[in-house]
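Okay, structure first, notes after.
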Amino acid sequence: MDDRQFRNAMGKFATGVNVIAAEVEGEVYGMTANAFMSVSLDPKLIVISIGDQAKMLDRIRQSGRFSVNVLSCEQQEESMRFAGQKEFEDQFEFDRLGEAPVIKDALCQLSCEVYNEHTEGDHVLFIGKVNDLVLKEGEPLIFNCGKYRRLEALEAVAK
């Protein structure tokens, strides 16, 4: 299989859209990502996957902390900006949760410290220990087959 075919296959799996943020020497950086999942309840651990060529890789290593911000379906523009698909018109203002910068109005904000790191192929997996979180009501932004999407509830199937 070629790289494009593999990417297309992985794109069939619908994911939420997140912005990963980290602060280094007073400067906050963010990147859009969809490679995120929970790992453990005790301790409360999550994992994010960062490409080995991404600028965010060294920023997380330098900071030792990061946030995961689950975007709402109203935050597609933020996703596009942090993915480099759209320019910021002005300085982006981050909120704070504990010691981590977070995206205002994200459905879920997780403040994490780096718990462990693993290099696998061309990505680095950061295990994050969740120190604090904030939840908000709303519908998540979804990414599937190269497009942004919304969730839609399905009718229950009769037995």
Side-chain angles (χ1 to χ4, degrees), residues 1-22 24 28-41 44-63 65-89 92 94 100-112 114-130 133 135-159:
M1 81 198 83
D2 65 17
D3 289 353
R4 181 78 258 160
Q5 184 182 24
F6 184 75
R7 286 183 68 120
N8 289 345
M10 296 302 98
K12 297 292 184 186
F13 184 71
T15 63
V17 180
N18 309 288
V19 170
I20 309 300
V24 177
V28 179
Y29 303 92
M31 73 170 264
T32 299
N34 62 359
F36 154 75
M37 67 179 227
S38 64
V39 173
S40 168
L41 283 174
K44 290 171 179 50
L45 303 175
I46 55 94
V47 64
I48 59 172
S49 179
I50 306 291
D52 63 8
Q53 299 300 308
K55 294 175 186 174
M56 186 58 79
L57 181 63
D58 287 332
R59 292 170 178 158
I60 291 174
R61 285 177 171 153
Q62 289 173 22
S63 174
R65 301 183 177 284
F66 61 91
S67 68
V68 177
N69 302 272
V70 178
L71 300 184
S72 74
C73 59
E74 287 83 26
Q75 293 178 304
Q76 180 179 339
E77 190 167 303
E78 284 91 331
S79 172
M80 294 174 74
R81 286 180 173 167
F82 285 107
Q85 299 167 335
K86 199 169 187 178
E87 292 294 318
F88 283 97
E89 292 153 15
F92 188 84
F94 288 86
V102 292
I103 303 291
K104 182 180 180 178
D105 295 328
L107 294 181
C108 175
Q109 302 165 333
L110 301 172
S111 175
C112 306
V114 174
Y115 187 82
N116 214 328
E117 174 183 331
H118 303 277
T119 300
E120 302 297 338
D122 61 2
H123 276 65
V124 174
L125 306 177
F126 285 103
I127 309 297
K129 182 177 181 199
V130 179
L133 65 82
L135 294 173
K136 297 190 177 170
E137 291 298 317
E139 295 296 323
L141 183 60
I142 304 297
F143 199 74
N144 175 251
C145 294
K147 294 181 181 172
Y148 290 102
R149 302 179 187 273
R150 293 177 178 259
L151 277 182
E152 181 181 318
L154 297 176
E155 295 294 321
V157 178
K159 291 185 179 183

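Heavy-atom neighbours of Arg7 CZ from other residues, nucleotides or ligands within 6.0 Å: at or below the threshold of 12. Around atom CD of Glu152, no more than 12 heavy atoms belonging to other residues, nucleotides or ligands sit under 6.0 Å away. Surrounding CG of Asp2 are more than 12 heavy atoms belonging to other residues, nucleotides or ligands, all under 6.0 Å away. Within a 6.0 Å radius of NZ in Lys136, more than 12 heavy atoms belonging to other residues, nucleotides or ligands are found.
Results of the side-chain contact (heavy atoms from CB on, under 4.5 Å) test with Phe126 over Ile46, Leu57, Ile20 single out Leu57 as the only residue that passes. Screening Val124, Val24, Ile50 for a side-chain contact (heavy atoms from CB on, under 4.5 Å) involving Arg61 leaves a single residue, Val124.
A donor-acceptor pair is defined here as one N or O able to donate and one able to accept, closer than 3.5 Å; no such pair exists between the side chain of Asn69 and the backbone of Gln109. Side chain of Asn34 to backbone of Asn18: no donor-acceptor contact under 3.5 angstrom is found.
Between Phe92 and Glu78 the shortest side-chain heavy-atom distance falls below 4.5 Å.
Between Phe94 and Phe82, the angle of the ring planes lies from 30° to 60°, which puts this pair in the tilted group.
Between Ser72 and Leu141, the closest heavy-atom pair is O-CB, 3.4 Å. Taking every heavy atom of both residues into account, Ala21 and Met56 meet most closely at CA-CE, 4.5 Å.
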Check the pair Leu125 / Ile48 against side-chain contact (heavy atoms from CB on, under 4.5 Å), numbers first and verdict last.
CA-CA 6 Å; Leu125 306 177; Ile48 59 172; over 6 Å; no
